[in-house]
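Encoded as structure tokens, the structure appears first; notes follow it.
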There are 2 protein chains.
Amino acid sequence: MRRPSMKELAERLGVDRSTISRALSEDKAHLVAPETREKVRKMAVDSGYRPDLTAAALRRGRSQTVGVLVPDLENETFINVIRTIIGSLNSGDGTPATTPLIAETQDRPSAAQRLIETYLSRRVDAIISLASTEADEEILAEAAREVPVILAVRSLAALSLPSALCDDREGGAIVARYFAERGHKTVCQVRGPLLATTFNNRAQGFSAVCAEKGIKEPPEAIHAEHATSAAGKKTLDAVLQTSPRPTAIFAHNDALAIGLIEAIRERGLRIPEDIAVAGFNDIKMAQVLATPLTTVAYPIEEVGEHAAQLVRSLITGDPAPGQSVPFIPKLVIRRTT
Amino acid sequence: MRRPSMKELAERLGVDRSTISRALSEDKAHLVAPETREKVRKMAVDSGYRPDLTAAALRRGRSQTVGVLVPDLENETFINVIRTIIGSLNSGDGTPATTPLIAETQDRPSAAQRLIETYLSRRVDAIISLASTEADEEILAEAAREVPVILAVRSLAALSLPSALCDDREGGAIVARYFAERGHKTVCQVRGPLLATTFNNRAQGFSAVCAEKGIKEPPEAIHAEHATSAAGKKTLDAVLQTSPRPTAIFAHNDALAIGLIEAIRERGLRIPEDIAVAGFNDIKMAQVLATPLTTVAYPIEEVGEHAAQLVRSLITGDPAPGQSVPFIPKLVIRRTT
DNA sequence: ACATCCTTTGCAATCGATTGACAAGCTAAT
DNA sequence: ATTAGCTTGTCAATCGATTGCAAAGGATGT
């Protein structure tokens, strides 16, 4: 037999729909006599009643969904941040479950735009963008006028939206300081694509310390086309052609680092004796490598947790915490340096 | 100024709400005079009208969403199948965009159950499970009585639901035949966890051919705890302890294979001279490795496309195609064998 | 005994879009 | 001239849950 609607439940029990609604709700349950409440709940379970969330969303004006934008679903770090966010959003005891609408922008502004339109049409309660690029600024600003928008992982200088971030600048600086300690005189960065602030910040932090410590960097920046290991692998030639040849490479993320390592292996050079490599993020693969990767551990938990907190307080209308402090990542020294 | 509802639009234009609805719709637009239609559309754009999909969903009984269950969001192959599905679902010209609700089960039946409940409450138009394990059978069967359920990637023997699958058995067989050709006499499988049919089928296909060709396998099966490179790395000891020592390993997926390769490197053995390794899926990393991985390319496009097609036809109520033929994966020979 | 308060429940409006039934106006056909 | 048929648009019901308001009934206080 088909599952009953609230109305049918009400008829069967000989009470009004509103009583059912209240008895089944979390916050209005106290308005209903304990006896009735139990009767209703029992009947609801027995009959296999299933609330229609589309109807509830319409009436409430809140859909209990949040839109999540990621640049790339294959990126482990993004996924882990999202996992933390979702986990935190649904850990609340009283709060009803929030369903995330997750989609990928591939760093295409047109995709971001389309997705945000969809989210707004679906009346999401908030939007979390881990995909913000400068090209999205206007779209996000626009969206923020209708619904809370939270920036995570990637910041946007021109837009002052609540954000949950990693201190990428400091992350870059940490690597440079470490290279300095190890006595490297000539180093090199392999940068990710310029779209997002993330890589720029890492580059700036790194270069600032290098300048300060008198460490040499090649005059021309080396950019990988994508932040992937395949793209990283391709950059090794460029790295080795700079002169004097660097003794250490700072790859802007672990995927790039792994690509470089494989290229270095192919060439028969030794790591770290001939050339040292450090990455960023500390993905799982970093530990699996035959010579485990030195890298900067991304503060996934902190960023995710903070983003979730921002979402929660913005949805409930609590005073949004002011400017949040970015979380400091942590160097993990392994064997590639 | 706040965005108008359909009602407000109607008032401004002095027509009925129903006219607006029809003018803006795809399929009923012909019921409205071209002139009026244009007037409405223009006004809609100018005023920034944004349809409320929660309201539309309630009225229509269809939400234009599909629930997608994945065991693990970090698995590149699953993600790629999902990408294909989403792409195909939204490529239709006339059909309105379908929003996927993506969630991860981590192979926990309780999570699967909870998610399916949520999907049903949200009135998804269909559910696609790439996460089916035997423990989920009942839950899925139950769900299938309310909404179309499609199985992708992982099959479920006891349940005859429309499925989009890879012929894993044949995939395993292909590897065994290839090992035979290369003259291997003693080989070994590193299996993934038993939960899903996938790995079982690969194992069976492989073993059947080995038996037929007189190739020796160790008596005790070697299982990795998870289908990850970290878990794969840990299994090398077990592999090397079998006697006679195998000269080739068939890892049930690329992550496992990569873990094994790293372990082999650490130990100073040569690939493929001392020991050959083949994987399954053909993830991107397989090509980036210093010695690129021989592997079985998963028919991502076919599986994804077929799943999307099933969803489409089941939603529109078209005759569901009968039993579908699983797609044959393809061996990609590289340098680890 | 009467006013007052509290608890519990029902009534009815509402969220915003969609759609079947129907009416008005117009053209074409017999 | 009348009927039939088509186009275009309106009316009103509907999807299923939520919630402000009010009423009924009971308990308490004076």
Side-chain angles (χ1 to χ4, degrees), chain A residues 2-41 43-44 47-65 96 118 120-125 146, chain B residues 2-41 43-44 47-65 96 118 120-125 146:
Chain A
R2 208 180 40 66
R3 307 190 104 96
S5 74
M6 190 174 268
K7 190 174 164 196
E8 290 168 302
L9 258 196
E11 278 159 13
R12 282 193 221 174
L13 277 165
V15 298
D16 192 81
R17 312 209 285 297
S18 56
T19 302
I20 308 276
S21 173
R22 287 191 269 252
L24 260 28
S25 84
E26 196 72 27
D27 50 338
K28 298 245 167 57
H30 65 96
L31 290 176
V32 102
E35 205 181 323
T36 324
R37 194 193 309 153
E38 283 319 309
K39 202 175 59 180
V40 171
R41 294 201 167 164
M43 170 68 92
S47 67
Y49 169 72
R50 204 196 292 294
D52 185 321
L53 257 29
T54 66
L58 173 58
R59 173 61 231 238
R60 282 202 274 244
R62 310 230 265 99
S63 60
Q64 264 137 223
T65 55
T118 307
L120 293 175
S121 260
R122 293 206 176 272
R123 300 293 184 263
V124 295
D125 299 336
E146 302 192 33
Chain B
R2 209 179 40 66
R3 305 189 106 96
S5 75
M6 189 173 269
K7 189 174 165 197
E8 291 169 303
L9 257 196
E11 278 159 13
R12 283 194 219 173
L13 276 166
V15 297
D16 192 83
R17 311 209 285 297
S18 55
T19 303
I20 308 276
S21 173
R22 288 193 262 257
L24 259 28
S25 84
E26 196 71 27
D27 50 338
K28 299 245 166 56
H30 65 97
L31 290 175
V32 142
E35 206 180 320
T36 323
R37 195 192 310 154
E38 283 319 309
K39 203 176 57 179
V40 171
R41 294 201 168 166
M43 170 66 94
S47 67
Y49 169 72
R50 204 196 293 293
D52 184 322
L53 257 30
T54 67
L58 173 59
R59 172 63 231 236
R60 280 201 274 242
R62 311 231 267 98
S63 60
Q64 264 136 224
T65 55
T118 307
L120 293 175
S121 262
R122 294 208 175 271
R123 300 294 185 262
V124 295
D125 299 336
E146 301 192 33

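Order of the sequence lines fixes the chain letters, A, B, ..., with proteins taken first and strands second; residue numbering starts at 1 for each chain. Bear in mind that the values here come from a model prediction, so they are computed numbers and not experimental data.
- Using a 4.0 Å heavy-atom distance criterion, A:Ser18 is classed as a base contact.
- What separates CE of A:Met6 from C1' of D:dA17 is a distance of 5 Å, to the nearest Å.
- Put simply, the side chain of A:Arg17 never gets that close to the backbone of A:Lys7: no donor and acceptor are under 3.5 Å apart.
- If you check distances only, the side chain of A:Ser5 never reaches the base of D:dC15 with a donor-acceptor pair under 3.5 Å.
- One can place CG of B:Leu24 at 8 Å from P of C:dT18, the figure rounded to the nearest angstrom.
- The two atoms that bring A:Arg41 and A:Leu24 nearest to each other are CG-CD1, 4.0 Å, heavy atoms only.
- Along DNA chain C, the nucleotide closest to B:Thr54 and the one closest to A:Arg17 are compared, and the more 5′ of them pairs with A:Arg17.
- The distance between atom CD of A:Gln64 and atom C1' of D:dT18, rounded to the nearest whole Å, is 12 Å.
- In this entry the distance linking CZ of B:Arg50 with P of C:dA17 reads 12 Å, nearest Å.
- Closest approach to the B:Arg59 side chain among D:dA17, C:dT19, D:dT18 is made by C:dT19 (side chain taken as heavy atoms from C-beta onward).
- The CG atom of A:Asp27 sits 11 Å away from the C1' atom of D:dT18 (whole-angstrom rounding).
- For A:Arg60 and D:dT19, the CZ to C1' distance is 11 Å, given to the nearest whole Å.
- At D:dT18, none of the side-chain N or O atoms of A:Lys28 fall inside 4.0 Å of OP1 or OP2 (strictly under the cut-off).
- We find that CG of B:Leu31 is positioned 14 Å from P of C:dT18, with the value rounded to whole Å.
- Not one side-chain nitrogen or oxygen of B:Tyr49 sits closer than 4.0 Å to the OP1 or OP2 atom of C:dG16.
- Nearest-nucleotide assignment on DNA chain D puts the 5′-proximal partner with B:Gly14, out of B:Gly14 and B:Ala55.
- A:Thr36 comes within 4.0 angstrom of the backbone, heavy atoms only, and of no base.
- Across every non-hydrogen atom of A:Asp52 and B:Arg123, the tightest pair is OD2-NE, 3.2 Å.
- Annotation for A:Ala55 and B:Leu58: closest pair CB-CD1, 3.6 Å, computed over non-hydrogen atoms.
- Checking C:dG10, C:dT19, D:dT10 against the side-chain heavy atoms of A:Thr19 singles out C:dG10 as nearest.
- Remark: C1' of C:dA17 and CG of B:Asp16 are 12 Å apart, rounded to the nearest angstrom.
- Judged by closest nucleotide on DNA chain C, B:Asp52 is the one of B:Arg22 and B:Asp52 placed further toward the 5' end.
- A donor-acceptor contact shorter than 3.5 Å links the side chain of A:Ser121 to the backbone of B:Pro51.
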